[in-house]
Participant: 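Quick one: structure below, then a few questions.
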Amino acid sequence: MSELKQFNPEGYNPNTGIYASPYIFQGDWGSEIEALNFTRREKPVSDENIIKFDEEKGIVEGYLYNSFKSEDGSESTTEITDFWAEENPADFKYTNSYYNSPKLKAMIDWFQCEKTRIRIFQQQPGHSMEIHTDFDNQRGNEFGETLRIFVQLNDMPAGAWFHFKTADSQVHINLQKGQFLIFNPDHTGHGTQNLTSVPRDTFMMVVKRNEWLNNLIKQETMQFIDIDSLVQSKAA
């Protein structure tokens with residue numbers, strides 16, 4: 001009998017794939033979320049086609065937002081002035097929400113990569129957003145390839161899904177509280193469904209791919225990250 005040889009899959013491809021983490025943030029940051037002021041998303045001012053795109057996808061009506069990093073440092077600013085200009089991390093400022101939320105701040109800081117926009121998007125009960133792709137990398141890559149990180153911030157019952165479609169896969173993922181996803185928004189179709197009766201709170205970070213993110217996928221077993229310990233280590 002010939003020797004059995006297993007197929008050796010390459011795994012996550014940052015250009016076209018989805019990374020669902022074995023890392024889980026643990027702790028109680030609910031009071032920090034409750035203290036935030038959530039507002040409707042403002043409409044982009046630079047491109048009528050993007051305004052129409054957002055409205056058709058339900059991005060304006062189906063969500064409430066609070067920014068932790070924005071173009072002008074305001075927690076109510078969710079968009080950028082020049083939609084088709086590449087986002088330079090140096091041009092974005094942390095907001096009061098970031099500085100006033102030590103546990104959520106520690107979670108953001110755990111990701112050792114450059115970040116542009118960071119916000120919590122609160123998907124409203126009963127809302128669905130169909131599969132779509134975005135335009136982050138079409139704006140340019142002078143400052144690096146743009147990826148997105150979604151971190152689930154609250155426990156959700158069955159019926160709250162992230163829906164992804166790639167070149168060869170289609171998946172629905174109900175994230176654990178504290179678990180996160182990484183994907184390229186230009187090449188990975190993504191949508192959401194919240195068929196429950198409660199809002200879903202998720203961090204959305206626009207980040208630049210680097211060696212730290214490339215090495216993140218080498219973790220193969222579950223690793224729990226205690227948020228209180230993170231806060232204490234920052235204070236030390």
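For reference, positions follow the sequence shown, starting with 1.
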Participant: Is the shortest side-chain N to carboxylate O distance from Asp28 to Lys103 below 4.0 Å?
Facilitator: no

Participant: With rounding to the nearest 0.5 angstrom, report the CG to CD1 distance, Leu213 to Ile149.
Facilitator: 5.5 Å

Participant: Taking only Lys NZ, Arg NE, NH1 and NH2, and the carboxylate oxygens of Asp or Glu, determine whether Glu142 and Lys208 approach each other closer than 4.0 Å.
Facilitator: no

Participant: In terms of ring plane angle, is the pair Phe162 and Phe150 parallel, tilted or perpendicular, where the classes change at 30° and 60°?
Facilitator: tilted

Participant: Whether Arg139 engages the ring of Phe83 as a cation-pi pair (distance to the six-membered ring centre under 6.0 angstrom, angle to the ring normal within 45°) should be assessed.
Facilitator: yes

Participant: Would you call Trp212 and Phe111 a side-chain contact if the rule is heavy atoms closer than 4.5 Å?
Facilitator: yes

Participant: Both conditions, 6.0 Å and 45 degrees, for the charged tip of Arg200 above the ring of Phe121: are they met here?
Facilitator: no

Participant: Testing the 3.5 Å rule here: is there a donor-acceptor pair between the side chains of Asn154 and Gln152?
Facilitator: yes

Participant: Within the 4.5 Å heavy-atom criterion, are Thr188 and Thr133 side-chain neighbours or not?
Facilitator: no

Participant: Under the criterion side chain to side chain donor-acceptor pair (under 3.5 Å), which of Thr192, Thr202, Thr78 is the partner of Tyr63?
Facilitator: Thr192

Participant: Can you find a side-chain donor-acceptor pair between Tyr65 and Thr77 that sits under 3.5 Å?
Facilitator: no

Participant: More than 12 foreign heavy atoms under 6.0 Å from CD of Gln223: is that the case here?
Facilitator: yes

Participant: Could you tell me whether the side chain of Pro102 reaches within less than 4.5 Å of the side chain of Glu32, counting heavy atoms only?
Facilitator: yes

Participant: With heavy-atom distances below 4.5 Å as the criterion, would you say the side chains of Met107 and Val151 are in contact?
Facilitator: yes

Participant: Does a donor on one side chain and an acceptor on the other come within less than 3.5 Å for Thr196 and Asn194?
Facilitator: yes

Participant: Give, for atom CD of Gln124 and atom OG of Ser197, the distance between the pair rounded to the nearest 0.5 Å.
Facilitator: 12.0 Å

Participant: If the plane angle is over 60° it's perpendicular, under 30° parallel, otherwise tilted; pick one for Phe180 and Tyr19.
Facilitator: tilted

Participant: Do Asp201 and Gln122 meet the criterion of a side-chain donor-acceptor pair at a distance under 3.5 Å?
Facilitator: yes

Participant: Report the distance from atom CD of Glu71 to atom CD of Glu79, rounding to the nearest 0.5 Å.
Facilitator: 10.0 Å

Participant: Ring centres under 6.0 Å, that's the criterion: do Tyr23 and Phe224 meet it?
Facilitator: no

Participant: Between Phe143 and Glu87, is there a side-chain heavy-atom distance shorter than 4.5 Å?
Facilitator: no

Participant: Of Gln193, Gln170, His190, which is the lone residue that meets side chain to side chain donor-acceptor pair (under 3.5 Å) with His163?
Facilitator: Gln170

Participant: Cationic tip of Lys177 within the cone over Trp29's six-membered ring, i.e. under 6.0 Å and within 45° of the normal?
Facilitator: yes

Participant: Are the side chains of Asn15 and Arg209 in touch, meaning some heavy atoms are under 4.5 Å apart?
Facilitator: yes

Participant: Less than 6.0 angstrom separating the ring centers of Tyr94 and Phe68, yes or no?
Facilitator: no

Participant: Within this structure, what is the CD-CD1 distance for the pair Gln176 and Ile173, rounded to the nearest 0.5 Å?
Facilitator: 12.0 Å

Participant: How many angstroms lie between CG in Asn13 and CD1 in Ile217, if you round to the nearest 0.5 Å?
Facilitator: 9.0 Å

Participant: I'd like to check Met156 versus Trp161 (side-chain heavy atoms, cut-off strictly below 4.5 Å). Are they in contact?
Facilitator: no

Participant: In terms of side-chain heavy atoms, does Asn210 have a donor or acceptor partner in Asn214 at a distance below 3.5 Å?
Facilitator: no

Participant: Report yes if the side chains of Thr116 and Lys69 come closer than 4.5 Å at any heavy-atom pair, otherwise no.
Facilitator: no

